[in-house]
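This report concerns only the one structure given below.
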There are 2 protein chains.
Amino acid sequence: MDDLDRKILDILRRDARTPYTEIASTLDVSEGTVRNRVDRLRDDGVIERFTVATRTGNVKAMIEVSVAMDVDTHSVGDRMTDWDEVDFVWQVSGELDIVLVVDAADTTRVNELITKAREQEEVVETKTRLILDEKLG
Amino acid sequence: MDDLDRKILDILRRDARTPYTEIASTLDVSEGTVRNRVDRLRDDGVIERFTVATRTGNVKAMIEVSVAMDVDTHSVGDRMTDWDEVDFVWQVSGELDIVLVVDAADTTRVNELITKAREQEEVVETKTRLILDEKLG
DNA sequence: TATGAAAGACTAACTAA
DNA sequence: TTAGTTAGTCTTTCATA
């Protein structure tokens, strides 16, 4: 991970469809260099995947979920990855155990997701926070 | 947004480099249809951007930040987007105002980021939670 | 790093609902 | 009029030297 790698990643983060040729001329290296670097970054797991950032609904939110002491948070979390409108499921340290990042049509749908979370027998508490604005680092 | 759109998005979310021809044959439509749909989804803002999910460090964390009553959270948040290792800056509702999603080399670096956040004069409180595991929805 | 070959994406004209 | 298809062309990526 040197400076060139970081610059390539910056460009890809903003637009992963930028052609290697364009990245190359921007950074003043050859197309092959960019391609080799990207391949290596992928092999090394620095690039986890090429993906799309979407906004299918009008409301993004974090639903924080706390599960009972004696249950495996992973199995609860795994189940939630299958729910519609759930973009990410994070296992986190701290007060609550799981954070769902969701992208829903409206607040009613968010509410339905909260209800669904609360209906899981392992879930003892939820806290929800709307994501009012998102900016790229 | 019909079922075909959703299926295309699912595929792209998992691998945005899947060729249109491959998506097309998986979903039993023509390559042109996939391309037209993707273009439209992009124009409509459903696809915000093509990007890479990265893990440059070994520790991901949420740093929650609370700012003083009388300041504009946006200006504080905007400043933080420029910091290294910050992937996202969210303005959120609820107890704290801003969530930084960071990807740092180690916990020492996370700690340095927390310190940096606390050094901002508008910041009155921080809470940090490590992201122990991340799964795609 | 440079080049030719292969793969993929794009243009535009056409068809069907 | 809108969505889908197809054929031909152009661009990007890939493999090799």
Side-chain angles (χ1 to χ4, degrees), chain A residues 1-60 83-88 102-106 109 134 136-137, chain B residues 1-57 84 87-88 103 134-137:
Chain A
M1 272 292 288
D2 59 10
D3 207 50
L4 182 57
D5 284 340
R6 267 184 288 273
K7 283 177 180 162
I8 292 171
L9 286 177
D10 276 349
I11 293 171
L12 291 177
R13 250 195 288 270
R14 281 174 177 70
D15 180 7
R17 288 196 155 182
T18 315
Y20 290 163
T21 47
E22 190 182 321
I23 300 174
S25 71
T26 304
L27 301 180
D28 239 341
V29 293
S30 74
E31 180 269 342
T33 301
V34 175
R35 184 154 38 79
N36 292 334
R37 295 280 185 136
V38 172
D39 287 349
R40 190 173 44 68
L41 288 167
R42 228 218 272 237
D43 290 342
D44 292 351
V46 174
I47 294 176
E48 293 177 315
R49 62 181 174 280
F50 285 79
T51 186
V52 285
T54 56
R55 168 171 285 268
T56 52
N58 297 305
V59 186
K60 283 198 181 186
W83 296 357
D84 283 346
E85 300 151 313
V86 171
D87 281 353
F88 296 105
V102 306
D103 174 12
D106 48 45
R109 283 296 304 150
E134 174 177 274
L136 267 191
Chain B
M1 271 292 287
D2 60 9
D3 207 49
L4 182 57
D5 283 341
R6 267 183 288 273
K7 283 176 181 162
I8 292 170
L9 286 177
D10 276 350
I11 293 171
L12 291 178
R13 251 194 288 269
R14 283 175 176 71
D15 180 6
R17 286 195 156 184
T18 314
Y20 289 164
T21 47
E22 189 181 323
I23 299 174
S25 71
T26 303
L27 301 180
D28 240 340
V29 292
S30 75
E31 179 271 343
T33 300
V34 175
R35 186 155 34 75
N36 291 337
R37 294 282 187 135
V38 172
D39 286 351
R40 190 172 45 67
L41 288 167
R42 228 217 274 235
D43 290 343
D44 292 352
V46 174
I47 295 177
E48 293 177 318
R49 62 182 173 279
F50 285 78
T51 186
V52 285
T54 57
R55 170 171 284 269
T56 53
D84 284 345
D87 281 353
F88 296 104
D103 174 14
E134 174 176 276
K135 290 214 168 63
L136 266 192

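Residue numbering restarts at 1 for every chain, and letters A, B, ... go by the order of the sequence lines.
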Nearest whole Å is fine: how far is [N] [atom2] from [X] [atom1]?
{"X": "B/Arg40", "N": "D/dT1", "atom1": "CZ", "atom2": "P", "value": "18 Å"}
{"X": "B/Tyr20", "N": "D/dT5", "atom1": "OH", "atom2": "C1'", "value": "17 Å"}
{"X": "B/Asp15", "N": "C/dG8", "atom1": "CG", "atom2": "C1'", "value": "14 Å"}
{"X": "A/Arg42", "N": "D/dT13", "atom1": "CZ", "atom2": "P", "value": "12 Å"}
{"X": "B/Asp5", "N": "D/dG4", "atom1": "CG", "atom2": "P", "value": "9 Å"}
{"X": "B/Ile23", "N": "D/dG4", "atom1": "CD1", "atom2": "P", "value": "14 Å"}

Legend entry - Evaluation steps, side chain to side chain contact (heavy atoms under 4.5 Å, CB included), between B/Asp15 and B/Thr18: CA-CA 6 Å; B/Asp15 180 6; B/Thr18 314; 3.5 Å; yes
Looking at [options], which one has an atom nearest to any side-chain atom of [X]?
{"X": "B/Arg37", "options": "C/dT11, D/dT5, D/dA3", "value": "D/dA3"}
{"X": "B/Pro19", "options": "D/dT12, D/dT5, C/dA9", "value": "C/dA9"}
{"X": "A/Glu31", "options": "C/dG8, C/dT1, D/dC14", "value": "D/dC14"}

Legend entry - Residue whose closest nucleotide on DNA chain C lies nearer the 5' end, A/Asn36 versus A/Arg17: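 Looking at DNA chain C, the more 5' nearest nucleotide goes with A/Asn36.
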Inset, instruction - May I ask you to say whether A/Arg37 pairs ionically with A/Asp44, meaning some side-chain N is under 4.0 Å from a carboxylate O? - result: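 The answer is no: the pair does not qualify as a salt bridge.
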Inset, instruction - Please determine if A/Asp3 and A/Lys7 form a salt bridge, counting it only when a charged side-chain N lies under 4.0 Å from a carboxylate O. - result: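 A salt bridge links A/Asp3 with A/Lys7.
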Inset, instruction - Indicate, yes or no, whether a donor-acceptor pair under 3.5 Å links the base of C/dT11 to the side chain of B/Arg35. - result: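 When only heavy-atom distances are counted, B/Arg35 does reach the base of C/dT11 through a donor-acceptor pair under 3.5 Å.
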Legend entry - A/Arg13 versus B/Thr54, side-chain donor and acceptor atoms under 3.5 Å: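 A pair is found: one side chain offers a donor N or O, the other an acceptor, under 3.5 Å apart.
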Legend entry - OP1 or OP2 of C/dA7 under 4.0 Å from side-chain N/O of B/Thr21: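 It does not, given that no N or O in the side chain of B/Thr21 lies less than 4.0 Å from OP1 or OP2 of C/dA7.
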